[in-house]
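Side-chain atoms are counted along with the backbone in the values below, which use heavy atoms only and exclude waters and symmetry mates. Numbers restart at 1 for each chain; the letters A, B, ... are given by sequence-line order, proteins then strands.
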Amino acid sequence: MSTATTLSSPRRGDTHLWSRTLIPTTREAPADAETPSHILLSRAGFIRKVAAGVYDYLPLAWRTLKKVSNIIREEMDAAGASELFMPVFVPMEFYNETKRHEAYGPLLFQVEDRKGNKAALGPTHEETITELVKGSITSYKQLPLNLYQIQTKFRDEARPRAGLLRCREFIMKDAYSFHLEVEGKGGLNEAYDAMYRAYVNSFKRCGLDFTVVEAESGPIGGSASHEFMVNCDSGEDTILKCPSSGYAANVEKCEIGARPAPSKGYFVGDPSGPLEEVHTPNCPGIEDVCKLLKVKPQHMLKSVLFKVNSTPDQLDKYGQEYILAVVRGDHDVNEGKVKALSQCTDISLADPAEAIKAGFAIGFVSPRAAVGKKGVLLLVDRDAALSFDDAAGKSKFWVTGGDKKDYHVKHFNWQRDLGKDPLGANAQGDNKGGLRGGDNYLIVGDVRNALAGDPSPRAAGSTLVAARGIEVGHIFKLGTKYSDAMGLSVLDHDQKKRSVIMGCYGIGVSRTMAACVEMSHDADGIIWPAPIAPYHVLITLMKPDNADHMALATKLSAELASAGADVLIDDRDERPGVKFKDADLIGIPIRLTIGDKALAENAVEFKARKTPGKGELVAITAATQRCLAALA
RNA sequence: CAGGGUGUAGCUCAGCUUGGUAGAGCGUCUGGUUUGGGUCCAGAAGGCCGGAGGUUCAAAUCCUCUCACCCUGACCA
């Protein structure tokens with residue numbers, strides 16, 4: 001032992017008896033559990049549902065959550081951030097300036113005190129921290145600053161699902177940084193990059209297989225944004241990657257590389273036949289129409305109507321305006337790209353009833369619906385704006401809406417049915433459209449989500465591949481959105497008042513635990529990576545009432561604990577089968593089995609959870625070292 | 001929010017159509033048996049049938065209303 005003075009002693013591992021803690025494993029999962037993490041965390045006695053999207057974290061789960069949290073803490077602190085702890089309780093007045101209670105809408109849990117004052121249960125803490133910093137720093141010399149907390153968050157999700165993956169109450173690490181400048185030393189970019197590295201380190205240390213992708217910054221606003229996705233086929237998010245350049249993006253953000261323009265030009269080509277109206281009752285979706293008409297979705301034109309959200313002034317001047325986005329039937333409209341192309345940042349899907357009133361036969365809208373309507377912008381995706389199919393060498397056959405209920409049309413042709421020269425049609429008096437009084441009524445561009453097989457936007461000749469992921473981290477450059485709204489400013493060196501520039505950085509701690517299970521399990525149970533396993537070693541006693549066996553277990557656990565390993569001793573009076581099944585279920589990385597068979601050879605059985613098959617005999621004297629080597 | 005579905009024992013479910021006061025398996029407890037991959041046998045405890053109202057001599061079952069939960073979609077720092 002070293003005699004050197006240290007400020008804190010090295011961590012000693014925990015040793016717990018299974019019979020003296022709470023690990024209620026079950027043979028069957030609750031009926032509402034469907035995803036692997038939900039099923040396994042429930043069956044293995046980690047979580048128990050209290051209400052929709054609200055869970056107890058039992059001792060095993062809490063141990064894992066603390067380990068995840070501590071890894072994050074170490075990396076955050078190493079990256080120059082300081083931990084604090086803010087209340088769950090957020091007075092509604094805090095949203096007066098940012099109006100985020102409106103943006104969040106029903107997602108915000110609200111409470112009222114006995115005096116009738118309203119408050120929210122914090123879904124995130126930009127307002128709280130901005131208030132705090134506003135009242136605590138008085139000079140630019142106190143910047144940059146990076147503060148974080150690990151705490152429970154509340155969001156009244158419309159539909160909580162998949163156990164811990166989408167909860168109404170969950171544990172999150174949220175960090176906020178404050179800067180005078182974007183660039184340079186002490187600037188936002190520096191902190192953003194440091195957080196990026198801290199996140200990569202944290203998730204690596206947790207043993208996760210993950211991808212960092214470019215992301216939409218979403219309603220929180222701001223410029224750059226990256227998401228950290230655990231790679232997992234059951235993930236809710238679709239990501240696209242370019243194998244040669246390393247570019248990766250969320251499908252909501254992913255750009256599509258350059259593609260050759262059609263040889264004859266957009267919209268140019270003869271009709272595939274006379275326009276034919278077909279009765280298509282009870283066909284609300286593309287798939288239904290395709291089935292009925294026996295056509296493939298890629299021969300359909302899908303028209304999606306967006307409403308432009310205007311200020312009262314604009315409404316007064318231009319009336320209610322719409323954007324009609326047209327993509328191929330097998331493609332999905334990308335709202336972000338619609339916003340970019342139309343240069344309208346505040347749009348939303350049109351309300352069907354309202355749209356029908358405005359003359360759009362929702363469900364049966366074709367591009368023709370935009371023609372001749374004032375205040376309607378037609379956006380056509382490149383893949384939809386064709387009349388001649390270069391690949392097939394013939395006219396493009398299109399089916400689209402009939403612009404009246406229960407009707408579609410076959411052999412739609414852009415030039416014939418929309419106007420002689422759709423691109424130049426805004427020159428024609430009767431086709432006048434466009435937004436804000438302009439006359440640019442039609443734009444061809446990227447309007448759809450990228451797909452696997454699309455050209456990479458970063459490497460010519462490469463194509464994108466798709467994968468699924470679970471978002472566990474998200475970093476944003478916020479800019480001055482909150483500081484402007486709430487008046488957080490400092491005087492700079494030149495005594496000029498400057499809005500403080502902010503960044504925010506989140507990690508879903510409880511979701512990370514669940515994502516890890518999604519990523520790492522087999523038919524028998526969870527397989528924890530050692531750094532976040534609730535215990536490192538499980539000592540399974542075949543005969544817990546044999547004093548010699550228990551003494552050996554105690555000796556081994558003491559050795560392991562003094563080396564920093566956490567040990568769980570299964571001392572239950574259960575049959576071996578039950579113990580082994582439970583061991584596999586809870587997924588402790590190493591199992592040491594103490595039983596007569598091995599003891600006859602002065603050995604114990606060593607088995608790594610991730611290695612299939614039977615374990616190996618290891619001499620008692622070598623057992624501790626064998627475990628520590630396997631955990632390293 | 002729209003559409004669909006489910007609430008009966010700690011868990012998984014049957015019973016409901018055709019009303020007669022509640023069942024199975026797993027788990028729990030007792031006793032025995034067994035002892036290296038969810039033993040076997042015997043016994044026991046455990047339910048205001050989500051809640052409220054109604055119909056009826058009688059309601060888990062039929063009717064009305066409500067609440068909760070789940071699924072698909074919409075939505076989602």
Of the candidate nucleotides [options], which contains the atom at the shortest distance from the side chain of [X]?
| X | options | result |
| --- | --- | --- |
| E28(A) | rU12(B), rG37(B), rU35(B) | rU12(B) |
| A52(A) | rG38(B), rC70(B), rC76(B) | rC70(B) |
| K153(A) | rC13(B), rG38(B), rA77(B) | rA77(B) |
| A158(A) | rG37(B), rA74(B), rU39(B) | rA74(B) |
| M172(A) | rG37(B), rA77(B), rG38(B) | rA77(B) |
| R166(A) | rC76(B), rC13(B), rG37(B) | rC76(B) |
| K49(A) | rG25(B), rC69(B), rG38(B) | rC69(B) |
| D582(A) | rC69(B), rG38(B), rG37(B) | rG38(B) |
| R161(A) | rA74(B), rC69(B), rG37(B) | rA74(B) |

Given the [atom1] atoms of [N] and [M], what is the spacing between them in whole Å?
| N | M | atom1 | answer |
| --- | --- | --- | --- |
| rC13(B) | rC70(B) | P | 14 Å |
| rC49(B) | rA60(B) | C1' | 4 Å |
| rU61(B) | rA77(B) | C1' | 49 Å |
| rG15(B) | rG7(B) | P | 10 Å |

Can you tell me whether the side chain of [X] and the base of [N] have a donor-acceptor pair closer than 3.5 Å?
| X | N | result |
| --- | --- | --- |
| Y104(A) | rA77(B) | yes |
| R159(A) | rC71(B) | no |
| R572(A) | rG38(B) | no |
| R155(A) | rA77(B) | yes |

Is the number of heavy atoms from other residues, nucleotides or ligands within 6.0 Å of CZ (R48(A)) greater than 12?
-> no

If [N] has a Watson-Crick or G-U wobble mate with both distances under 3.5 Å, name it; if not, just say none.
| N | answer |
| --- | --- |
| rG25(B) | rC11(B) |
| rG46(B) | none |
| rC65(B) | rG51(B) |
| rC16(B) | none |
| rA2(B) | rU72(B) |

In whole Å, I'd like the distance from the [atom1] atom of [X] to the [atom2] atom of [N].
| X | N | atom1 | atom2 | result |
| --- | --- | --- | --- | --- |
| F228(A) | rA77(B) | CZ | P | 18 Å |
| H226(A) | rA77(B) | NE2 | C1' | 16 Å |
| N250(A) | rA77(B) | CG | C1' | 13 Å |
| L599(A) | rU35(B) | CG | C1' | 15 Å |

Does the pair E28(A)/R43(A) count as a salt bridge with the N-to-O cut at 4.0 Å?
-> no

Are R197(A) and E75(A) within salt-bridge range, i.e. N to O under 4.0 Å?
->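 No, R197(A) and E75(A) are not salt-bridged.
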
For [X], report the nucleic acid contact type (base, sugar-phosphate, nothing); a contact means any heavy atom under 4.0 Å.
| X | result |
| --- | --- |
| R48(A) | nothing |
| A583(A) | nothing |
| P24(A) | nothing |
| T593(A) | base |

Show your working on side chain to side chain donor-acceptor pair (under 3.5 Å) between R609(A) and T611(A) and close with a plain yes or no.
-> CA-CA 6 Å; R609(A) 174 65 180 86; T611(A) 316; over 6 Å; no

Using only side-chain N and O atoms of R27(A), determine if any of them is under 4.0 Å from OP1 or OP2 of rU12(B).
->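 Checking R27(A) against rU12(B): no side-chain N or O falls below 4.0 Å of OP1 or OP2.
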
